[in-house]
Student: 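Mind looking over this structure? Questions follow.
Order of the sequence lines sets the chain letters (A, B, ...), proteins ahead of strands, with each chain counted from 1. All of these numbers come straight from a predicted model, not from anything done at the bench.
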Amino acid sequence: MAKTYLQELIRKSLKVYTGTKGLELPPGFAYDLVVTRDPSHGDLAVNIAFKMAGILRQKPPVIAAEFLQILETENDRLQNSVIERMVIAGGAFINFYLKKASLGQVLEDAVRQDRDYGKSDFGKGKKVLLEYVSANPTGPLTIAHGRQAAVGDSLYRILKATGHETDSEYYLNDGGRQMNLLGKSLWARYRQELQLDAELPEDGYQGAYLTDLARKLVSEKKDSLLKQTEEQAADFCRSYACQEIMETIRRDLHDFRVEFDHYFSEQTLYKKNSVQKCLEFLTDKGHLYEQEGALWFRSTAFGDDKDRVIRKTTGEYTYLAPDIAYHRYKFDRGYNKLVDFLGPDHHGYINRIKASCQALGYDAGQIEIRIVQLSTLFRNGQPVRMSTRAGEFVTLRELMDEVGIDATRFFFIMRKVESHLDFDLDLAKQKSQENPVYYLQYAHARIASILRNAGRAVETDVNLERLCEEEETNLIKFISDYPKALVQASEFLEPYRLADYLRDLAMCFHKFYAAHRVLSDDLELTKARLLLADAARVTLRNGLELLGISQPESM
RNA sequence: GCGCCCGUAGCUCAGUUGGAUAGAGCAUUUGCCUUCUAAGCAAAGGGUCACUGGUUCGAUUCCAGUCGGGCGCACCA
């Protein structure tokens with residue numbers, strides 16, 4: 001690869017340069033070698049002269065000129081066949097113009113590696129547990145969960161592609177008061193269904209899905225539940241509702257192309273006595289104390305605003321207790337990095353969780369908590385009002401049905417998770433130029449069409465020097481930048497970076513397509529362009545796959 | 001009051017973690033289908049990067065402060 005050669009060349013030249021200057025570079029010294037976007041800046045550029053200016057106390061252009069000389073000498077010594085020329089521009093950037101053949105080498109790599117193109121061992125040795133959605137099974141998934149599902153699942157795929165050992169997990173919060181309330185709500189709906197007088201508990205779940213569930217329950221059990229005590233019946237309703245709703249959730253996720261490696265039930269923690277053991281561990285370490293009849297966690301020792309109650313005076317645990325035990329259990333299973341996606345209502349929770357992980361003896365950097373902001377649906381330019389409490393909300397299922405899976409996933413992914421998302425239903429539904437997801441898929445379909453029309457297989461042994469048009473060079477550069485884009489999405493845990501990259505890649509292809517024909521009478525050129533088109537197809541397909549978006553052969 | 005996020009084109013947002021002339025999409029205006037998919041391409045207009053200082057070869061990016069917006073601050077889950 002051309003970039004590898006350049007890295008080596010610069011490294012060697014730097015050694016020579018510092019040697020002649022008698023200069024010791026500081027340990028953190030770094031410079032950037034980047035693929036340029038502007039063709040007038042060459043193919044690659046390095047800012048090393050700027051970076052050394054402060055250390056050498058010399059003007060950047062002076063350093064650049066001196067360094068360029070050494071580069072030239074070293075380049076000759078290495079008998080390079082990669083670099084066409086090197087020039088200083090923009091003050092003290094050193095721009096590299098590559099020979100067409102070496103620039104295009106990446107096309108052959110991409111097509112040969114096919115589904116493996118872009119993969120890396122960036123995350124080697126990291127064992128990551130990714131937790132997302134984790135919705136309480138008290139109702140169908142909403143669009144808020146949908147965004148987490150889309151982002152989490154894409155990140156899961158990206159982490160794997162970049163060499164992380166990754167598992168995904170759904171935390172089933174089935175132990176608490178909300179579940180009891182759900183059981184009582186269903187119990188009430190059940191009796192109502194039997195024409196009995198019953199009222200929903202205060203703050204009970206009002207959604208229509210519970211009425212449907214009650215109807216199903218009646219058809220299965222008739223009026224047999226009435227023979228049980230109030231408590232038994234509500235208890236049965238609780239587990240029945242939980243099971244049924246989880247079934248719906250799994251189906252929704254599956255249809256949304258989201259599969260979890262594990263569903264982890266909170267109740268497991270109690271069965272294994274994990275909460276108790278965890279509290280004992282923390283007590284031994286001196287992180288807990290009793291005050292006014294409650295048990296407190298000294299989270300302020302790890303930067304939290306105030307200490308947190310972990311067991312109430314009533315003897316009940318707060319939500320924090322099982323959660324700490326859960327995170328401990330995650331680490332116990334051998335993961336050295338935990339990533340949690342949480343809803344915005346858990347904002348104040350981050351410090352507590354981080355503090356507790358530190359108290360357990362882990363590094364704060366081993367846990368990443370990302371808040372996934374809410375989305376607002378817009379219809380006809382107006383926000384769609386929603387209220388979970390009143391049972392008025394748009395479910396993920398409804399959204400999928402209305403706008404389709406591809407567009408839904410893309411819209412959820414295309415923004416940073418921490419920024420509020422405006423989801424324009426009308427735009428997402430339009431099968432037109434305004435819809436960004438079609439822009440990507442259309443590029444893929446166009447290439448597929450060309451390959452069908454070519455009447456010949458793509459060959460990797462072609463004359464790459466024929467690819468010298470500006471649109472061609474640009475496309476090649478973008479294709480070669482794909483592995484880097486993946487690593488960045490992975491490193492920052494932000495799938496939107498991949499979505500942005502793919503949009504740019506598609507743009508490069510569309511521009512190339514509009515300017516030049518792939519198939520022509522010139523056989524040599526046709527072969528070269530077929531390879532280019534196929535490499536673009538491979539890259540687009542691999543990227544879309546990681547976003548969980550389909551890659552149509554025709555549209 | 002404290003903490004977190006945000007402030008970039010009329011609107012929605014990028015800006016490669018300090019680099020070259022700040023970019024896309026939508027919207028507006030105008031061109032391009034007898035040739036591989038026009039769900040596409042080309043061109044035009046549109047900016048005090050909220051404001052003020054600081055750090056340096058260089059700041060939309062980092063730091064401090066000010067203004068403005070969103071969210072979170074329970075012995076709730």
Student: Just checking, A/Arg446 and A/Tyr513: is the charged tip under 6.0 Å from the six-membered ring centre and within 45° of the axis?
Tutor: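 That pair qualifies as a cation-pi contact.
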Student: Work out how far the C1' atom of B/A50 is from that of B/G45, and round it to whole angstrom.
Tutor: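 It works out to 24 Å between them.
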Student: Using whole Å, what does the distance between atom C1' of nucleotide B/U16 and atom CZ of A/Arg37 come to?
Tutor: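 A/Arg37 atom CZ is separated from B/U16 atom C1' by 8 Å.
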Student: Select one nucleotide: of B/C36, B/C13, B/C75, the one nearest the side-chain heavy atoms of A/Leu519.
Tutor: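 Looking only at side-chain atoms, A/Leu519 lies closest to B/C36.
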Student: Could you tell me the Watson-Crick or G-U partner of B/A42, where both distances fall under 3.5 Å? Say none if there is no partner.
Tutor: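 Because both required distances fall under 3.5 Å, B/A42 counts as paired with B/U30.
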Student: Of A/Ser40 and A/Met555, whose closest RNA chain B nucleotide lies nearer the 5' terminus?
Tutor: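 Closer to the 5' end of RNA chain B: A/Ser40.
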Student: Looking at the base of B/C75, is there any donor atom on it, or on the side chain of A/Thr313, that sits under 3.5 Å from an acceptor on the other one?
Tutor: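 Side chain to base: pair present.
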Student: Spell out, as yes or no, whether a donor-acceptor pair under 3.5 Å connects the side chain of A/His510 to the backbone of A/Tyr439.
Tutor: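 Between the backbone of A/Tyr439 and the side chain of A/His510 there is a qualifying donor-acceptor contact (under 3.5 Å).
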Student: With respect to the side chain of A/Asn453, which nucleotide from B/G40, B/C76, B/C36 is positioned closest?
Tutor: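 Nearest listed nucleotide: B/C36.
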Student: Output the single nucleotide from B/C36, B/A39, B/C75 whose closest atom is nearest the side chain of A/Ala294.
Tutor: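 Of the candidates, B/C75 comes closest.
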Student: Would you say A/Lys312 has more than 12 foreign heavy atoms packed within less than 6.0 Å of its NZ?
Tutor: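 Correct, the count exceeds 12.
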Student: Starting at atom NE2 of A/His510, determine the distance to atom P of B/G25, rounded to an integer number of angstrom.
Tutor: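 Computing the A/His510:NE2 to B/G25:P distance gives 11 Å.
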Student: Looking at B/C73, which nucleotide sits across from it as a Watson-Crick or G-U wobble partner, both distances under 3.5 angstrom, or is there none?
Tutor: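 Pairing partner, where one exists within any strand: B/G1.
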Student: If you check every side-chain atom of A/Tyr439, which of B/U16, B/U37, B/C41 has the closest atom?
Tutor: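 Per side-chain heavy atoms of A/Tyr439, the pick is B/C41.
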Student: Would you tell me whether A/Asp307 and A/Tyr289 have side-chain atoms, one donor and one acceptor, within less than 3.5 Å of each other?
Tutor: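 The criterion, which ignores hydrogens and geometry beyond distance, is satisfied for A/Tyr289 and A/Asp307.
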Student: Nearest whole angstrom, please: distance from the P of B/C13 to the CD of A/Glu494.
Tutor: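 The distance from CD of A/Glu494 to P of B/C13 comes to 15 Å, rounded to the nearest Å.
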Student: What's the closest nucleotide to the A/Asp500 side chain, out of B/G40, B/C75, B/A14?
Tutor: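 Nearest to the side-chain atoms of A/Asp500, counting from C-beta on, is B/A14.
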Student: Would you indicate what A/Ser554 reaches in the nucleic acid, counting non-hydrogen atoms under 4.0 angstrom: base, sugar-phosphate, or nothing?
Tutor: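 The residue A/Ser554 makes base contact.
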Student: Would you say B/A39 has OP1 or OP2 under 4.0 Å from some side-chain N or O of A/Tyr438?
Tutor: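 No.
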Student: Can you find a side chain N or O atom of A/Lys59 that sits less than 4.0 Å from OP1 or OP2 on B/G58?
Tutor: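 Checking B/G58 against A/Lys59, no side-chain N or O comes under 4.0 Å of OP1 or OP2.
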Student: Verify the distance criterion only: is there a donor paired with an acceptor across the side chains of A/Lys354 and A/Ser299 at less than 3.5 Å?
Tutor: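 No.
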Student: Over all strands shown, is A/Glu553 touching base, sugar-phosphate only, or nothing at heavy-atom distances under 4.0 angstrom?
Tutor: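 Base contact - A/Glu553 has a heavy atom under 4.0 Å of at least one base atom.
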Student: Choose from B/A77, B/G40, B/C57 the nucleotide whose nearest atom is closest to any side-chain atom of A/Pro60.
Tutor: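 The answer is B/C57, which lies nearest to the side chain.
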Student: What contact category does A/Tyr513 fall into here, base, sugar-phosphate, or nothing, at under 4.0 angstrom with non-hydrogen atoms?
Tutor: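 Answer is base: heavy atoms of A/Tyr513 come under 4.0 Å of a base.
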Student: Taking only Lys NZ, Arg NE, NH1 and NH2, and the carboxylate oxygens of Asp or Glu, determine whether A/Asp323 and A/Arg352 approach each other closer than 4.0 Å.
Tutor: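 Here A/Asp323 does not pair with A/Arg352 in a salt bridge, since their nearest N and O are not under 4.0 Å apart.
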Student: To the nearest Å, how far apart are A/Ile55 CD1 and B/C57 C1'?
Tutor: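 So the two atoms are 13 Å apart, to the nearest Å.
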Student: Which glycosidic conformation, syn or anti, is assigned to B/C33 if syn requires a torsion within 90° of zero?
Tutor: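 Judged by the O4'-C1' to base torsion, B/C33 sits in syn, the angle falling within 90° of 0.
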Student: Could you measure between the two P atoms, the one in B/A74 and the one in B/U16, and give it in whole Å?
Tutor: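 One P to the other, the span is 37 Å.
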Student: Go through B/C36, B/A39, B/C13 for me and flag the one nearest to the A/Ile450 side chain.
Tutor: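 For the A/Ile450 side chain, the nearest candidate turns out to be B/C36.
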Student: Using a heavy-atom cut-off of under 4.0 Å over every strand shown, decide if A/Ala454 touches base, sugar-phosphate, or nothing.
Tutor: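 Here A/Ala454 touches no strand at all.
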Student: Kindly say if A/Lys306 contacts the phosphate of B/G3, meaning a side-chain N or O under 4.0 Å from OP1 or OP2.
Tutor: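 For B/G3, OP1/OP2 do not have a side-chain N/O of A/Lys306 under 4.0 Å.
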Student: Suppose we call a contact any N or O donor and acceptor under 3.5 Å apart; does that hold for the side chain of A/Asn95 and the base of B/A20?
Tutor: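 Flag set: donor-acceptor pair detected.
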Student: So which nucleotide from B/U12, B/U35, B/C75 ends up closest to the side chain of A/Trp296?
Tutor: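 When the side chain of A/Trp296 is considered, B/C75 is the closest of B/U12, B/U35, B/C75.
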Student: Given atom NZ of A/Lys51 and atom C1' of B/U56, what is their separation to the nearest angstrom?
Tutor: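 A/Lys51 atom NZ is separated from B/U56 atom C1' by 11 Å.
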Student: Considering every strand shown, what is the Watson-Crick or G-U wobble mate of B/G7 when both distances are under 3.5 Å?
Tutor: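 Pairing partner: B/C67.
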Student: Which one, B/G18, B/G15, B/U12, comes nearest to the side chain of A/Arg415?
Tutor: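 Minimum distance to the A/Arg415 side chain belongs to B/U12.
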Student: Pick the C1' atom in B/C67 and in B/U55, then give their distance to the nearest Å.
Tutor: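 Approximately 23 Å lies between the C1' atom of B/C67 and that of B/U55.
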Student: So what does A/His41 touch, heavy atoms closer than 4.0 Å: a base, only the sugar-phosphate, or nothing?
Tutor: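 It contacts base atoms.
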Student: Whole Å only: how far is the NE2 atom of A/His516 from the C1' atom of B/C32?
Tutor: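 To the nearest whole Å, that distance equals 16 Å.
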Student: Report which part of the nucleic acid A/Ala89 touches: base, sugar-phosphate, or nothing (heavy-atom distance under 4.0 Å, all strands).
Tutor: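 Base, at least one base heavy atom under 4.0 Å.
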Student: Rounding to an integer number of angstrom, what distance separates B/G65 and B/G72 when you compare their P atoms?
Tutor: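 The same atom, P, in both gives a distance of 25 Å.
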Student: Considering just the side-chain nitrogens and oxygens of A/Arg452, establish if one lies under 4.0 Å of OP1 or OP2 belonging to B/U37.
Tutor: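 For B/U37, neither OP1 nor OP2 has a side-chain N or O of A/Arg452 closer than 4.0 Å.
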Student: Tell me what A/Glu292 touches on the nucleic acid: a base, only sugar-phosphate, or nothing, going by heavy atoms under 4.0 Å.
Tutor: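 Base: the residue A/Glu292, judged by heavy atoms under 4.0 Å, touches a nucleobase.
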Student: Compare the aromatic ring of A/His346 with the six-membered base ring of B/G72 and state whether they stack according to the 5.5 Å and 30° rule.
Tutor: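 A stacking contact does not exist, since A/His346 is not both close and nearly parallel to the base ring of B/G72.
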Student: Can you tell me how far P in B/C62 sits from the matching atom in B/C2, rounded to whole Å?
Tutor: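 It works out to 22 Å between them.
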Student: If you assign each of A/Thr314 and A/Gly91 to its closest nucleotide in RNA chain B, which residue comes earlier from the 5' end?
Tutor: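 Counting from the 5' end, the first nearest nucleotide belongs to A/Gly91.
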Student: Does NZ or CZ of A/Arg147 come closer than 6.0 Å to the centre of the six-membered ring of A/Phe412, within 45° of the ring's axis?
Tutor: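 No; the conditions do not both hold, so A/Arg147 does not lie above the ring face of A/Phe412.
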Student: Suppose you measure atom P in B/U52 against the same atom in B/U60; what distance do you get, rounded to whole Å?
Tutor: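 Rounded to whole Å, the distance is 12 Å.
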Student: B/U61 and B/A20: how far apart are their P atoms, nearest whole angstrom?
Tutor: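 Going atom to atom, P in each nucleotide, I get 13 Å.
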Student: Hey, are A/Ser520 and A/Thr526 close enough side-chain-wise for a donor-acceptor pair under 3.5 Å?
Tutor: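 Yes, a side-chain donor-acceptor pair sits under 3.5 Å.
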Student: To the nearest Å, give me how far apart CZ (A/Phe492) and P (B/G15) are.
Tutor: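 Value for this atom pair: 10 Å.
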Student: Does either side chain, that of A/Ser40 or that of A/Asp38, offer a donor lying less than 3.5 Å from an acceptor on the other one?
Tutor: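 Side chains of A/Ser40 and A/Asp38: pair found under 3.5 Å.
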Student: When you check the gap from the basic side-chain N to the acidic O, do A/Arg466 and A/Glu472 get nearer than 4.0 Å?
Tutor: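 Judged by the 4.0 Å cut-off on N to carboxylate O distance, A/Arg466 and A/Glu472 do not form a salt bridge.
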Student: With rounding to whole Å, what would you report as the distance between B/U29 and B/C71 at their P atoms?
Tutor: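 Between the two P atoms, the distance is 37 Å.
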Student: Expressed as a whole number of angstroms, how long is the span from A/Arg503:CZ to B/G15:P?
Tutor: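 Going from A/Arg503 (CZ) to B/G15 (P), I get 11 Å.
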Student: Once you apply a heavy-atom cut-off of 4.0 Å, does A/Asn351 come out as touching a base, just sugar-phosphate, or nothing?
Tutor: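 No contact.
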Student: Report yes if the ring of A/Phe93 lies under 5.5 Å from the six-membered base ring of B/A20 with planes under 30°, and no otherwise.
Tutor: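 Yes.
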Student: From the options B/A42, B/A20, B/C75, select the nucleotide whose nearest atom is closest to the side chain of A/Lys511.
Tutor: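 For A/Lys511, the side-chain atoms sit closest to B/A42.
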